[in-house]
Amino acid sequence: MKPNVSVLKVKFDQKCTEGHSLYVKQHNVRKSQNADAEMDSTLMVLNVPPYCDEKCLRRLFGECGKISSINVQKKPGTIEPKSSEATKFFPEPQVTGFHVAYITYEEKASVAKALKKCEANTVHVLSTEGKEIQTGIKKWCLEYVRSWPDSKKLQDEVDKFMSSYDAKVEEEEQKELETEGVPDDDGWVKVTRRGRNPGFSRTESKEIKIKAKEKRKRKERELLNVYTYQIRESKREKIAELRRKFEEDKQKIKSMRNARKFRPF
Amino acid sequence: MHDMAMTDVDGPPPAKLSRSELYKPPTNEELMDLRETEMLFHSNLVKLEIKETLKEISLHDKKRAEIDVYLHSLHETIMSSQETESAALQSMAWLDSSSVSFPFVCNPTKVKGNMKFLKPSEIKLIGSYQLDSCLKHDLNVDLLLIMPKDCFQAKDHLNQRYLRKCALYLAHVASHLANSSLVFDIQFSYFGENPMKPIVLITPPPGVLNNITVRLHACLEPGCLKLERFSPDKSNVRQTWYTGAQPTADEAMLPTPHYNSCILMDMLMESHLYFLYETSSDFQSFKDAVKLLKVWLRQRDFDKGYGSFNGFIMSMLISYLVSTNKINKLMSSYQIIRNTFQYLGSSNWNTNGISLNKNENLSNFHNYFEVVFVDPSGTLNLCADMPLLVYQQVCHEARLSLDALDDKQSGFSSVFLKQVSFVEKYDQIIKLTKTGILRKTAERLQVQDKVLDHGSNCIAATLTHITSMLRKGLGNRIQQLGIKMHSYKPWKIDEEPPKWKEVETNLTFGFLLNQESFSDVLERGPSADSPEAVVFREFWGEKSELRRFKDGAICEAVVWKSNSVSEKREIPFNICKFLLKRHCDINPSAVKFLATQFEDFLKIPQRSIKNGTKIGFVGTGEEAFQDCSIVFNDLCSRLRNLTTLPLSITNLQGVSPVLRHTEVYPPCKCTTDNQSHAIRISQQQINVPVPEKKCPAYVSPIEVICHMEGSGKWPQEAAALRRLKAAFHIAMSDELKQNHPKLICIPAQTHVDVLMDGHVFRICVAYHREVTILQTHTTPDGMVKIRNTPQSLEIAKQTVHLPLLSSSINGLRQNFQSYSGSCRLAKCWINSQLLSTQITSEAVELLVAHLYTNPYPYTAPGSAQAGFLRFLRFCTSLDFAANPVIVDFNNDLSKSDYESILQHFKQNREALPPLSIITSKERTQSLWTTEKPSKVILRRLKDLAQICLKSAESFLSSENTVDLTSICTPSLGVYDVIIHLRSCWLPRRHEQIAQHNSVRRNHNYEDDETMTLLPVVGFDPVQIYLSDLENCFGDLALFFHDDNGGSVIGVLWRPNAFQPKQFKLSTASCVEMLDGDKCAPSVHSVLEDFKIMGRGLVENIELHSDKWKI
C-alpha cells in the first residue's frame, strides 16, 4: 500500500544527478488544536533538504498561489508559532538538517494546485541561475561576516527591547499591587511575596526541604539502644550488613573472574 | 586493523539476598569466618581476590602427577648415558663435537686437569616445584645432577676448572638426551644470566606437557670441597693463569668473591632446599605468600636478567622474617606479604646486611659485595651478583606496593595483577646499545681484578662504577635510578655460546625525575678554596667553572646551557653523555637516550608561511603558553580596573584549554597585519575571509568567562537576559577602547573579542542566576519547578562546570609539571587517529588527570613520554562498562566517598554514559562524556591504543629504529567513505604532524607592527562542515576527523542505516520511497549532499563501496 503522500522531486542544481523527494500532504488537524482556522490551506512538506531554506520554498511553492506564512521545524507535529521575542540580531535558532515545512496559502485552492504540481513528476531544480543557493565556503564566509553585528544597531535594538521589557514588568507589578488583598470571585485572597505577611515561595525545593525536616524531627524523638530488643536488633542488622557486603563482593569477584581479570600474565 | 564491531556486553545482575537469608541466625563457622576476615585480611574483597588469584596461578595436582611421571622417565634416560674414558679437560675429547658444542666461553682456553664422564650418583628434584611454591606460568622444574667424586681431582676449585667440568658434564648429558623421544627441544642457557654457569633447558614434547621447562644443573657430591675455601676474601683464580704471564714471586692473591659464590651456590643448592622445606612444611600461607610475591616480582621483571631478585631469594627472605619472629604461622598470606613489603621498604642490605646464620660477622661480606644476604651456612651471599640498583628498586617497589595496598581505590589488583613495565615506569631512559665497548671502560676504570673475578664479563665488572658515577652526577635531579639488567638468549646445543657482550636485551637505565630540580641549569659545587673543590673539578673536568653567587660566595659550578623548557628537559641526558665519555670512555653514539622523541609531535618549528603570517613557536611551546597566560593576566587586571561599568566584575576565569596548557598547540601570535587572504569590511576593524581566496591561518579565540555582580536590575527572563548581556559586551568594549586605545575590541551578541599582544580573547559575560532562570518553569497550579533544559545545561556547562574544571586542572598542572605534556600528547594522538569529533577534549584531560591522581602501581608520571605511554596502556585496559573513572583532585575523596560513588554508579549504570568520569567535584554525573564517546568508539579507542602501544614500546625497547610517526598516522582502511578536503581551505594545515619536519625554516624574521584589525577568529570551515554533516546525517553515519589540520574526513555508515523501513510521516527525513510502503535513504543522494554542503571545501570523495553492507 502506497502511503498517502504526493512526491515532489527536487535536485540541487542542473549538474546534479541525484536528488531528493519532498513528501507533500495537506495538513489537516482538528480545529480544536489550533484555532487559527485556515488549516485546510496548509501544506505539510516533509524531507526538506538542509540547503532548501525558506526563500527556496517560497520559490518552489509560490507559483501555486500566494503564501501567507511558512513554518519550519525539525519534526512534524503541531505547528509551533513563531516566537514573538525574535528580533533581527537575536533570531530564533535555525533548524538544521532535514526538516519539515508547513506552508500556509492565503487561499484554499492553492493547496490543490500544489498537490497537482507534484503529480507532474518533473524534477525541480532548487538553485537556479540568478537565484543561487549558497553552500559550503561561500555560505560560511557570509555567515562569518553576519556574526559581527554593527554595534550601534545592536545597541539600538537592545535598548528598544529592554524598554519594552521594563514596561511589561512594571505593568505586571502594577497589576499585582492592584489585586493584592482583593478577594477573587469565590472570596479567596492570594498570598503574595509582598505585604505584611508574605507566604514562602511555592517551589519544589522548598517542599522537599520541609518534608525532610519533618522526617528528621520524627526520627530525633525515637530512642535507640535502650531496650534489649533494640540492641538485639542492631546486632542482627550488623551481621546482615556484613552478609550483604560479602555477597556484593562475591558478585564483583565473579564478574571479574568472568572477565578473566585474575590472570596475572 | 580491527573492525569496529557494534555489539553490546552486559554485566551480571546486581547481588541480592532475600530477607530470610540476610537475617537467618549465624552459624559458628560463619561468625568465625567473618571475624577472621576482619582480622587477617584487609577486607572481604582482598580475601576473595587472593583466593581467585591463587587458583589462577597454582599448579593443579593432576598436572603435577603428569610432570612427575615425565620426570621419572627423564631420570631413567639420563641414568642410561654412556660413561667415558678419562681425557684432558682442555681437549674435550669425549664430546661429540658435531652434535654439541661446549657451552662455556673459555677465556683463557688453557686449562689443566682430566675429566671422565660417569653417571650421576644421584639426580635430585630441587627448586620451587618441589616446594610447591611454583607458578604454573612458564614453569621451571629444576633437576640437580650430582656428579660422582671420581669426576674430580684435587684443586679443581681453582681457575674455572670446576665450572668447566660442570659445563662439560652437562654438555655430555645434553648430547645424550638430544635424540631421546622425551625431548622436544633442548637448549643451553646461562643460569642467572651468568656466563660462568651454563645449564640445560629441556622442553618436553608438546603433546605430553605444555609450557614447562626442565632445567638441568650439575654439581659436585657434597663434602668434596671445603666451604671455607670459598669465603669472599679467598682467591681461587690465579692471575698468572688468567693473564698468561710468568709467575712471579710476589704474585698478589686477588680475592675472587663472585667466582667463589658461584661455586658455593652449586654446592649449597640441596641444603637450601632442605632449609626452605623445613620452614614451609605445614605452613600453607607461607607457600601462598611466596606464590603471590613471585607474581609480584614477575610483574615487575625483577626475576629476569643478571643478578636478579628471584623467587628463591624472596622465599629465603620470608624464611628470615620467620626466623626473626616478624612472621608467624598464624598469619594469613596477606599479612605475610604486607610484613615482607614493610620489611623491604625499611631495610638496607647495602650497609646492614642480614644473615640466616646467626653467628656470622658480616663485615667480611660487606667488603666485597654491594648487597648482603647470607645463607644459613654462613658462607654464601645469596645476593652476590645482585647490583645495588636492583635491590634498591625492589625496596622502592615494595614501599609503593604497600602504599597501593592501603590506597582507596587500586588495592590488590594494581599490586599483583598489573604489569609494571620498565619503559612506562621511568620518566627518562638511557640504553647502552653496544655493550662491547665496556671492555674499554674496564681498562679505563682499571678494574682488571673484577674482570678476572667475573670471568672476563666486563658488564658485571664495570657496572658498580658506572652506576655510582651516574648517581653522583645526577645527584638531586633524580629520585630513583632504575636498571634493567642484560640477559642472554638460550641457544641450541650445537651452537657456540654467546660471549658476555652478545646480550639479547641490553643494559638499560631509567630515571625517576625529581620534578623540582631535574632541569636545573646550574649546579652549585663546593666553595672554591675548600678541599672538596678538587674532587668536584676532577669529576666535572672542563665543565666546572668558578662563579660568584648572589650570597657572595665564590663556588665551583657546572652550567648546562639551554634555550627553552624543552631543551632543559634534556639536561639529565647531557650530563650522562658527558660523564660517560669523560669517565668511562663511552661514546654518545653507543648510548640511546629515550624520552623526548615523543615530544617532537608537539613542536611546530617557527617559520613564516606564504602569505606572511608567522606560525610556530620555540621548542614544545611551554614559553608560548606562558606568554598567553601573562597576557591574559594583564587583560584581567585591565578589565578589573574598568570603573565605569554599570556593574562590577566579580570573577574572571579563562576556560580555554590554552589557559590550562592542555591545548595540543599553543596559539601562534598574530603579529602581522598581513592576513592577505582576508579583507576588511566597511568601517569595522574586522578581517573576514573571502571565498575566492584561501583560508586565513587559524586564530583560536581564548575564551574567558566574566561573572558580573548580582543586582535587582538583572531581568529574570531568558530573552531579556540575552539582550542585556549583549549590551554589557558593547559597554565593556567601549570602556576598554576608551581606556586603552591600542586594544582592538569588537562586541557581538554573545561575546566581545579583544586583540591584545597578538592573542584574541573572547570574553563572555555571565550572570550567576541565568541557569536557574532557564531551568525554572511554573506548573499551571503555581508550583515552581526546576527542570534542566538543553539551554540551561549548555549555559551551566559554560559558566559553572567549565571554569571549575579549568581551575582543577590548573591546580593539577601546577603540582605535576609533566601533566601538560602528557595531556597534549594524548590529545594529539587521539586527534591524529581521527577521533577528535568523537571524544570531548575535556574528557581526555580528565582521563590523563586520572593517571596522575591514581598512579598505582607507578608513581605519577614525571615526563610526557611516561604519561603518554600510560595513557595508551590505560586505554587498552579500560573497563568502562563495569567501573567509572574516578579523578580525585587534591585527594578530596575519602574511602567512604569512593564507596558511595561506586554504589551510585552501580545503581544508575544505565542512566550514565558508556564512559563515566566522576570527579571529586562532581560526584554523581559524568558531564564531559554524556553525548560521546559511544561504546563503539571506546572499543575502537582500545584497539587503536593496543596497536600504538605496541609500536611505541618496540621503539623504546628494541634496538632497531621504529618510525614514531606511524603512531600518529591514521589508518583509513576502515572507513566506508573518505572525504578529501582542499588543503587551501584548512586553516590549521600547519598543525599536521607530517608537515612538522618538511618545512622551510626561516629563522631571521623580526616582529612586524602590531595588528590594527581583528584577524579572522575561530573560523574553521571544517568544523562547521562537520557539525552540518552531523546534524543532517548523524543518524546514518559516523564522521571522523583530525582537528589538527586533518585533510580527510572518514565516514562510517551506521549498521542498518540503509535498511528499508516502514514509511512514516514522523520519521520521513532523508529517505526515498521504495516499492510498497517501504522507504530507505539513498546512498547516492547522501553522497551528493556531502559534496553540495561542502562546496569549495571538498576536493573529492573516495568510496570504499566494496566494504559497504547496504
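In what follows, chains are A, B, ... by sequence order, proteins preceding strands, each numbered from 1. For clarity, every value in this text was computed on a predicted model and none was experimentally measured.
With no hydrogens or angles considered, a side-chain donor-acceptor pair links Thr87(A) and Arg723(B) at under 3.5 Å.
Legend: salt bridge (Lys or Arg N to Asp or Glu O under 4.0 Å) pairs involving residues 1085-1097 of chain B, not counting sequence neighbours, sorted by first then second residue: Asp13(A)-Arg1095(B).
Contacts between Leu135(B) and chain A at a heavy-atom distance below 4.5 Å involve the side chain alone, from C-beta outward. Interface remark: Phe246(A) contributes backbone and side-chain atoms alike to the contact with chain B (heavy atom separation under 4.5 Å). The contact between Asp879(B) and chain A is made entirely by side chain atoms (from C-beta outward), counting heavy-atom distances below 4.5 Å. Contacts between Val7(A) and chain B at a heavy-atom distance below 4.5 Å involve the side chain alone, from C-beta outward. For Pro76(A), the part sitting under 4.5 Å from any heavy atom of chain B is the side chain, from C-beta outward, and nothing else. His1084(B) touches chain A through backbone and side chain together, each having a heavy atom under 4.5 Å away. For Tyr1025(B), the parts sitting under 4.5 Å from any heavy atom of chain A are the backbone and the side chain alike. Proximity to chain B is limited to the side chain of Tyr51(A), based on heavy atoms less than 4.5 angstrom apart. For Val1071(B), the parts sitting under 4.5 Å from any heavy atom of chain A are the backbone and the side chain alike. Residue Phe89(A) touches chain B through both its backbone and its side chain, counting heavy-atom pairs closer than 4.5 Å. When heavy atoms are compared at a cutoff of 4.5 Å, Leu1097(B) approaches chain A by way of both its backbone and its side chain. Heavy-atom distances place the side chain of Lys75(A), and not its backbone, under 4.5 Å from chain B.
Under the 3.5 Å distance criterion, the side-chain polar atoms of Ser151(A) are left unmatched by any main-chain donor or acceptor of Pro747(B). Side-chain atoms of Tyr144(A) come within 3.5 Å of backbone atoms of Val1017(B) as a donor-acceptor pair (strictly under, hydrogens ignored). No donor-acceptor pair closer than 3.5 Å links the side chain of Ser1085(B) to the backbone N or O of His20(A). Judged by distance alone, with hydrogens and angles left aside, the side-chain atoms of Asn47(A) form a donor-acceptor pair with the main-chain N or O of Cys1070(B) at under 3.5 Å.
Taking CG from Leu48(B) and NZ from Lys254(A), the interatomic distance works out to 13.0 Å, rounded to the nearest 0.5 Å. Between Ser147(A) atom OG and Phe1019(B) atom CZ the span is 9.5 Å, to the nearest 0.5 Å. Once rounded to the nearest 0.5 Å, the distance linking CG of Leu46(A) with NZ of Lys1064(B) reads 14.0 Å. The distance from atom CD of Gln94(A) to atom CG of Asn1031(B), rounded to the nearest 0.5 Å, is 11.0 Å. Once rounded to the nearest 0.5 Å, the distance linking CD1 of Ile137(A) with NZ of Lys693(B) reads 15.0 Å.
Around CG of Asp1035(B), the count of heavy atoms belonging to other residues, nucleotides or ligands within 6.0 Å does not exceed 12. Within 6.0 Å of the NZ atom in Lys74(A), the count of heavy atoms belonging to other residues, nucleotides or ligands exceeds 12. With a 6.0 Å radius and a threshold of 12 heavy atoms from other residues, nucleotides or ligands, Lys136(B) has its NZ atom above the threshold. More than 12 non-hydrogen atoms from other residues, nucleotides or ligands lie less than 6.0 angstrom from CD of Gln1062(B).
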*Please assess Glu49(B) against Arg257(A) for the test salt bridge (charged side-chain N to carboxylate O under 4.0 Å, His left out), listing each intermediate value before the final yes or no.*
CA-CA 9 Å; Glu49(B) 277 175 314; Arg257(A) 186 171 52 215; over 6 Å; no

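Heavy-atom pairs under 4.5 Å with chain B peak, among Lys138(A), Lys11(A), Arg263(A), Lys206(A), at Arg263(A). When Glu237(A), Lys25(A), Glu157(A) are compared by the number of non-hydrogen pairs under 4.5 Å with chain B, Glu237(A) comes out ahead. For the set Lys55(B), Gln716(B), Arg787(B), Glu692(B), the entry with the most heavy-atom pairs within less than 4.5 Å of chain A is Arg787(B). Chain B forms the most heavy-atom pairs under 4.5 Å with one residue out of Glu18(A), Gln134(A), Lys250(A), and that residue is Glu18(A).
A salt bridge links Lys168(A) with Glu717(B); the closest basic N to acidic carboxylate O contact falls under 4.0 Å.
Side-chain contact between Ile1092(B) and Cys16(A) is present, with heavy atoms from C-beta onward closer than 4.5 Å. Counting heavy atoms from C-beta on, the side chains of Ile253(A) and Leu45(B) come closer than 4.5 Å. With contacts defined as side-chain heavy-atom distances shorter than 4.5 Å, the pair Trp140(A)/Asp1028(B) qualifies. Two residues are said to be in side-chain contact when any heavy atoms from C-beta on lie closer than 4.5 Å; Leu1065(B) and Val5(A) meet this criterion. Counting only heavy atoms from C-beta outward, the side chains of Leu1014(B) and Trp148(A) approach each other to under 4.5 Å. In this structure, Arg243(A) and Glu30(B) have side chains that are in contact, with non-hydrogen atoms separated by less than 4.5 Å.
Listed here is the closest heavy atom pair of Met162(A) and Pro715(B): CE-CG, 4.1 Å. Looking at every heavy atom in both residues, Pro149(A) comes nearest to Gln749(B) through CG-OE1, 3.4 Å.
Residues satisfying the salt bridge (charged side-chain N to carboxylate O under 4.0 Å, His left out) criterion with Glu132(A), sequence neighbours excluded, are absent altogether.
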